[in-house]
Amino acid sequence: MSEKIVLYYFNGRGKMESVRWLLAAAGVQFEEVFLTKREDYEKLVNDGVLMFQQVPLVEIDGMQLVQTKAILNYVAGKYNLYGKDLKERAMIDMYSEGVSDVMDMIIFSLVTPPEEKKKQLSNIEQKAKDRLLPVFEKRLASSQFLVGNRLSRADVHLLEVTLMLQEMFPAVLSGFPKVQAFQEKMKALPTISKFLQPGSARKPPPDEAYVKTVKEVLSHIFK
Ligand SMILES: N[C@@H](CCC(=O)N[C@@H](CS)C(=O)NCC(=O)O)C(=O)O
């Protein structure tokens, strides 16, 4: 297996987008293989590289890693985005999991039946405003970074989710000035600024074509 980092997923955000964000924030190059047809998924399964028959899959350091959290943990540990000790790491995990609760709701809203969509979106907005953002607004009032005195994966995940929330609810940060200031500071970091430019590996918000591809590739789920 080569030294290259290779990401196997759909050509869209889904569960891989946070991995792309983390690698990009660390300034690490990676390649991508996109699943566009059912056969692409079947080949990976038949080759035995998907431990649980699920993507994301990331080839890194001679390993074929699956399970998004395991991938994120490894990337964060390898590129010094996981705190200086176990206590910092526990704090980073708490913030990251809080973000992931809302991120998962956003990801799965894609396949929510149309009649439930409105309610689901309103749940996401409410959860973001009532639970998620107040925690970070409070924390960022007294600290530049979420944990310790340097960038961690928690900061990167927070930036990602707040940008996603703004795409869906443009005024969502209006009562959260510290989170807004944090966003601006994060966006100015050279690696992140580069990732936010057109032409980077960052994926656009999902559209119908993306949903169609996912449903075709995973036709055993979306019957
Ligand atoms: N716990 C896994 C879940 C991964 C997952 O659900 N992947 C979907 C695509 S986003 C998949 O490959 N599903 C196929 C299946 O479950 O059969 C993770 O977080 O990586």
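Bear in mind that the values here come from a model prediction, so they are computed numbers and not experimental data. First listed ligand is number 1; within each ligand, the first listed atom is number 1.
The distance from ligand 1 to the heavy atoms of Pro56 drops below 4.0 Å at these ligand atoms: 20 (O). Annotation for ligand 1: atoms under 4.0 Å from non-hydrogen atoms of Gln53 are 14 (C), 15 (C), 17 (O).
In terms of modelled atom types and a separation under 3.5 Å, the side chain of Ser143 and the main chain of Leu140 share no donor-acceptor contact. A distance-only check finds no donor-acceptor pair linking the side chain of Tyr79 to the backbone of Gly27 [under 3.5 Å]. Between the Arg150 side chain and the Gly83 main chain, a donor and an acceptor come within less than 3.5 Å of each other. Not a single donor-acceptor pair under 3.5 Å links the side chain of Glu116 to the backbone N or O of Thr112.
Residue-to-ligand polar distances keep Lys69 apart from ligand 1: every N/O pair is separated by 3.5 Å or more. The shortest N or O to N or O distance between Val55 and ligand 1 is under 3.5 Å.
Around atom NZ of Lys127, no more than 12 heavy atoms belonging to other residues, nucleotides or ligands sit under 6.0 Å away. Heavy atoms from other residues, nucleotides or ligands lying under 6.0 Å from CG of Asn46 number more than 12.
At a 4.0 Å cut-off, at least one heavy atom of His220 sits close enough to ligand 1 to count as contact. The shortest heavy-atom distance from Tyr41 to ligand 1 is under 4.0 Å. Residue-ligand proximity: Gly14 is placed with every non-hydrogen atom at 4.0 Å or more from ligand 1.
For atom 20 (O) of ligand 1, the closest heavy atom belonging to the protein is Thr68 OG1, 2.7 Å. Annotation: atom 6 (O) of ligand 1 to nearest protein heavy atom, Gln54 NE2, 3.5 Å.
The cationic group of Arg20 does not satisfy the cation-pi geometry with Phe30, failing either the under 6.0 Å distance to the six-membered ring centre or the 45° limit from the ring axis. Annotation: cation-pi pair Lys185/Phe145 present, NZ/CZ under 6.0 Å from the ring centroid and within 45° of its normal.
For Gln67, heavy-atom contacts with ligand 1 shorter than 4.0 Å involve the backbone as well as the side chain. Using a 4.0 Å cut-off between heavy atoms, Tyr9 contacts ligand 1 through its side chain alone, with no backbone atom that close. Counting heavy atoms under 4.0 Å from ligand 1, residue Ile221 touches it through the side chain alone.
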